[in-house]
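Every chain is numbered from 1 and lettered A, B, ... according to where its sequence line falls, protein lines coming before strand lines.
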2 protein chains.
Amino acid sequence: MLSIWGILAPMNAPRTARERARAELTAEITDAARRQLADVGPTDLSLRAIARDLGMASSAIYRYFASRDALLTALIVDAYDSLGEAVEAAEALVDRGDHLGRWMTATRAARAWALDHRHEYSLIYGSPVPGYAAPTDTIDPAGRVGLVVAAILADAAEAGVLGMVAGPQPVDGLIEPGVVDQLGADPAHAAAGVQAWTWLFGAISFELFGHYNNVVVDPDEWFDDAMARLAHLAGLTA
Amino acid sequence: MLSIWGILAPMNAPRTARERARAELTAEITDAARRQLADVGPTDLSLRAIARDLGMASSAIYRYFASRDALLTALIVDAYDSLGEAVEAAEALVDRGDHLGRWMTATRAARAWALDHRHEYSLIYGSPVPGYAAPTDTIDPAGRVGLVVAAILADAAEAGVLGMVAGPQPVDGLIEPGVVDQLGADPAHAAAGVQAWTWLFGAISFELFGHYNNVVVDPDEWFDDAMARLAHLAGLTA
DNA sequence: TCTCGAACGAGAGCACCGCTCTCCCTTTCT
DNA sequence: AGAAAGGGAGAGCGGTGCTCTCGTTCGAGA
C-alpha cells in the first residue's frame, strides 16, 4: 500500500507545510546553537545571539523551545548521540574477534570526539547546567558508549577469553542487575566494566579541563597506556 | 627585637586601619560568595547579589576583585585548599604504617568533602568557567590531594611493601619527572598513582553529576570497593 | 469555498546581569 | 597642613532570559 499519497506524505513525518517548516526551523536553531557552542561554551550560549544568527526575533525562539535550558537539553541529547555514533562507527570497523583492539579503538574514538567537541563534551560530562534536572530524555542516549563497552565485554565472555578481574574480586550487588544483564557478564566483570567506563571519562575530563597540565608528558601516549592497563583490569587481554 | 612596635604591627600583617578593613572586607566578600555558592552553582553566582547581601553597592566590589572571574578564581583556590585540608586532616589520623588504610581514608575524605560542597567541587573539577584561563595561583593548591597520595605511595615504597603494578607495566616517561620525584617511587608506580588519582575524581564526578544513576546500586559501597581494587592496581596492598 | 482558531513572527518591555565612570568623602603619607 | 591615594555610592551602558501583545498567516472543519 505504498501509494503516492504515502510517498508524498510518509507516516510519522511532517505532512503540512507548516509542520515541515517547524521541523526545519527547529533543526536550524539547534544547528546554530551547536555552531555557537563551538566557540563559546555552554554558559555563554546566548539565545539572542542564535536568534540574530538566524535573522529572527529572540522571542520567536520560544515558539520552538520553552526556555534556554530546554534548548540546552536538546543539545545534550544530540551530543550524546554524536559521541555514541562516533564511538560505534569506529569500533564497528575492528575485527569482531579482536576484543582488546575493539576496546582500544572505542576509547580512542571517545577521546578524539571529546577533543574535537570540547564544549559539547563539557556540556554532557562537565558540571550539570544550573537549573537542569537530568531529564529522562537524556538517559537513553547517555548509555550508548556504555553499551559499546558492554558488547565488547560480552563478546569476550562468550568467546571464553575474558580473564579474571585483576586484584580483589568486586563484591556482588554493586551494579544494578539490569546493567549487569546488558554487560552479559558476571557481576565482577560488570563492576570492572563500570570502573573502566568511569576511568575513561575521568581521564578525558582531566585532560580537557587541564588537570593533567604539568603532570602528564604526552596525553596520547598516556591515554593509550592507561587504557591498555585498564582493559587488563577488566580481564580483557585479547 | 620583639618590640612593642613589632607586636602592634607584626610583619606581613595589615598595619593601618584601612589595610585591616580591606582584609576583612575581602574575606567577607568571599564568604558571602561561598555562601551563595552553596545553593546556586558557579554559573549563577551573582556579584550584585553578593553586594546586596553585604549591603554595599555592586560597584564597590570592584575595589576588591577586578572582575567576577577574579572572585571565582579566589573561590577556586579556597576550594582546593579546603579540600586539601580535609583530606590531609583525615589522613593524618591513620597509623603511618597502614598505607592501605591511609589510602582508603584519604579517598573517602575527598568524596565526603565533594558531597558536602557540591558546587565548590564542580567549581574545581567540573567544566572550567567560561573565560577562565587557569591562573597560576591555582596550580599549587590543586596539587595538595595529589601530594597526599604521593606521600602514601612513597612511604609504602620506603617500607618495602609496595607491590608490582598490576597488569602490563606502564612505559617510562609518561609522567613528568618532577611529579615522579614527588611520588618518590619508580615511574611505573608514579603512572599507577596518577591513574588512581584520575579515577578517584572521575568517580566522584560521575556520582555527583548523576552518571551513576540507574547504574550503581549503593554509591558508598561502590566507592569503597573500587578504591580498594584501585589501590591494588597501584601496588598498594598493605 | 469560506471561516475561524491555532500557529507564528516581531517588537516592546521587565528584571536582572557584569562592568565603567564620575563624584565625593575619608584615610594616609609627605 | 596639604597632597595623594583609597574607597563607597550612584547612574548608566550594553547585554541577557523571558513575557506579553499585536498583527499576520496557515490549515482544518463546516
Distance, rounded to the nearest Å, where [X] contributes [atom1] and [N] contributes [atom2]:
X        : N       : atom1 : atom2 : value
Asp44(A) : dG17(D) : CG    : P     : 10 Å
Arg20(B) : dG6(D)  : CZ    : C1'   : 16 Å
Ile50(A) : dC18(D) : CD1   : P     : 11 Å
Tyr62(A) : dC18(D) : OH    : P     : 4 Å
Leu45(A) : dG15(D) : CG    : P     : 17 Å
Ile61(B) : dG8(D)  : CD1   : P     : 9 Å
Gln36(A) : dT16(D) : CD    : C1'   : 12 Å
Leu47(B) : dA9(D)  : CG    : P     : 14 Å

Does [X] place a side-chain N or O at less than 4.0 Å from the phosphate oxygens OP1/OP2 of [N]?
X        : N       : value
Arg22(A) : dC8(C)  : yes
Arg63(A) : dC8(C)  : no
Arg52(B) : dC16(C) : no

Report which part of the nucleic acid [X] touches: base, sugar-phosphate, or nothing (heavy-atom distance under 4.0 Å, all strands).
X        : value
Ser67(A) : sugar-phosphate
Ser59(B) : base
Ala17(B) : sugar-phosphate
Leu25(B) : sugar-phosphate
Leu54(A) : nothing
Tyr64(B) : sugar-phosphate

Report yes if a donor N or O on one partner sits less than 3.5 Å from an acceptor N or O on the other, where the partners are the side chain of [X] and the base of [N]; otherwise report no.
X        : N       : answer
Arg68(A) : dT16(D) : no
Arg48(B) : dG18(C) : yes
Arg18(B) : dT27(C) : yes

[X] vs [Y] side-chain heavy atoms within contact, under 4.5 Å:
X        : Y         : value
Tyr64(B) : Leu71(B)  : no
Phe65(A) : Thr26(A)  : yes
Pro42(A) : Leu123(A) : yes

Problem - Short side-chain donor-acceptor distance under 3.5 Å, Tyr62(B) and Ser67(B) - result: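 No, no side-chain donor-acceptor pair sits under 3.5 Å.
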
Practice task
Check whether the ring centres of His211(B) and Tyr125(A) lie less than 6.0 Å apart, and answer yes or no.
Solution key: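 Aromatic pair counts; centres sit under 6.0 Å.
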
Exercise for the section: Using the closest heavy atom to pick a nucleotide of DNA chain D for each, name whichever of Ala49(A) or Ala60(B) lands nearer the 5' end. Expected result: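 The answer here is Ala60(B).
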
Problem - Aromatic ring pairing His117(A)/Trp113(A), orientation class (parallel under 30°, perpendicular over 60°, tilted between) - result: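 His117(A) vs Trp113(A) ring planes: parallel.
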
